[in-house]
Amino acid sequence: MKKALFCLFFISQTVSAQKLSKIDLLTAVADNICNEIAEKDIEIKSEFTMGVYMLKAVNKYKEDIEHYYGKNYITNEEVMSTMGEDVGMYLGLKCPEIFEHLFVDEEKEAEYFEETAYVQITGKFQKTVKNQFLSFIIKEETGKTHEFLFLNSFETSYLLTDNLLSLNDEIEVTYYVSEIYDAKIGKFVNYNIVSYLEKK
């Protein structure tokens, strides 16, 4: 009996000893992310895309991640934020170039927002319209409908590109109005250009 207990203790100690240190773990996760993004030649343009690659890498070291961050690391927003900051620090050391398209120069971004008049409106999602460009329609409580043109990538654009919106989902749309030349009618027309979406 004592021999069996000793064996179990020895095995548990060996397994425990095989765990990566936190530094080695974060280094390995960062290496995985850097390598996959480099191999696929991907431009990271949103935090969502970065999160997808981070989770793929993290799940390869699930036991070690759970040891340092807990078993509910995916569902706990605070823990995920901490882990993201930890991994991000090592990414900055390993492959800082992947952040090139993720962060916009703050001064240019401020100028851009000052020059553009942004408007917010809330309504229920009705449908998408797929022509040369993707557009979608929402309906306000008053029954009035609005159509928005999807031209540029933004943080929550995956709600549209991945078809994650259903009929009558309540969404808040941030948009601006821009004159675009319509070749079919031969003149410039005002279009609502979506810049951000939030599902309520």
Side-chain angles (χ1 to χ4, degrees), residues 10-116 118 133-134 150-165 171-176 193-200:
F10 178 78
I11 291 171
S12 67
Q13 290 298 104
T14 303
V15 171
S16 178
Q18 288 175 346
K19 286 192 181 299
L20 292 171
S21 70
K22 193 170 184 179
I23 293 174
D24 288 341
L25 173 62
L26 293 171
T27 300
V29 170
D31 282 339
N32 267 265
I33 296 170
C34 293
N35 292 339
E36 183 170 8
I37 288 174
E39 286 170 8
K40 295 181 178 178
D41 193 25
I42 295 165
E43 291 183 356
I44 302 296
K45 294 183 177 180
S46 72
E47 290 183 10
F48 174 78
T49 306
M50 176 65 80
V52 169
Y53 284 96
M54 187 185 82
L55 281 177
K56 284 176 69 176
V58 159
N59 285 335
K60 292 179 181 178
Y61 302 94
K62 188 175 180 181
E63 288 187 8
D64 293 292
I65 288 292
E66 288 181 349
H67 176 70
Y68 292 107
Y69 295 97
K71 292 189 176 182
N72 64 338
Y73 65 91
I74 291 179
T75 57
N76 189 314
E77 190 174 336
E78 187 176 340
V79 171
M80 275 294 289
S81 177
T82 300
M83 185 169 65
E85 289 174 4
D86 291 347
V87 173
M89 182 174 64
Y90 281 79
L91 287 173
L93 296 172
K94 292 282 182 178
C95 51
E97 66 279 1
I98 70 172
F99 296 107
E100 180 182 353
H101 301 283
L102 184 59
F103 301 114
V104 180
D105 181 81
E106 289 183 3
E107 188 174 331
K108 289 182 180 178
E109 187 178 28
E111 290 175 2
Y112 179 72
F113 276 93
E114 284 175 8
E115 293 171 1
T116 308
Y118 285 87
F133 298 105
L134 181 67
F150 174 48
L151 292 181
N152 307 301
S153 176
F154 50 88
E155 187 179 345
T156 55
S157 58
Y158 64 90
L159 291 171
L160 288 171
T161 57
D162 295 350
N163 299 313
L164 298 180
L165 294 174
I171 57 175
E172 183 179 77
V173 182
T174 302
Y175 70 99
Y176 61 94
I193 313 300
V194 61
S195 60
Y196 191 78
L197 284 176
E198 183 177 350
K199 188 175 177 181
K200 296 295 186 179

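Keep in mind it's a predicted model, so treat the numbers as computed, not measured.
Contact between Tyr118 and Ser195 at its shortest, heavy atoms only, is CE2-OG, 3.2 Å. Across Tyr73 and Glu66, no two heavy atoms sit closer than the pair CE2-CG, 3.9 Å. The shortest non-hydrogen separation linking Ala30 to Tyr90 is CB-CB, 3.8 Å.
Judged by distance alone, with hydrogens and angles left aside, the side-chain atoms of Asp64 form no donor-acceptor pair with the main-chain N or O of Leu25 at under 3.5 Å. Between the Ser81 side chain and the Glu77 main chain, no donor and acceptor come within less than 3.5 Å of each other. Of the possible polar contacts, one joining the Thr156 side chain to the Leu197 backbone as a donor-acceptor pair under 3.5 Å is found.
Note on ring orientation: taking the six-membered ring where Trp is involved, the planes of Tyr196 and Phe154 are tilted (angle from 30° to 60°).
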Inset, instruction - Let me see the working for Glu97 and Ile37 under side-chain contact (heavy atoms from CB on, under 4.5 Å), right down to the final yes or no. - result: CA-CA 11 Å; Glu97 66 279 1; Ile37 288 174; over 6 Å; no
Inset, instruction - Before giving the answer on side-chain contact (heavy atoms from CB on, under 4.5 Å), spell out for Glu36 and Ile42 the whole-Å C-alpha distance, their side-chain angles and the decisive distance to 0.1 Å. - result: CA-CA 9 Å; Glu36 183 170 8; Ile42 295 165; 5.7 Å; no
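The line from CD1 of Ile193 to OG1 of Thr174 is 14.0 Å long, rounded to the nearest 0.5 Å. Within the model, atoms CG of Asp86 and CG of Leu91 stand 11.0 Å from one another, a figure rounded to the nearest 0.5 Å. The line from NE2 of His67 to NZ of Lys22 is 10.0 Å long, rounded to the nearest 0.5 Å. Note: Thr161 OG1 to Asn163 CG = 8.0 Å, rounded to the nearest 0.5 Å. In this structure, CE in Met50 is found 9.5 Å from CE in Met54, a value given to the nearest 0.5 Å. Separation of atoms NZ (Lys199) and CG (Leu159) is listed at 7.0 Å; rounding is to 0.5 Å.
Heavy atoms of other residues, nucleotides or ligands lying less than 6.0 angstrom from NZ of Lys62 number 12 at most.
For the disulfide bond (SG atoms under 2.5 Å apart) condition, the pairs that include at least one residue of residues 19-57, sequence neighbours left out, are Cys34-Cys95.
In this model, a donor atom of one side chain and an acceptor atom of the other lie less than 3.5 Å apart for Asn32 and Tyr61.
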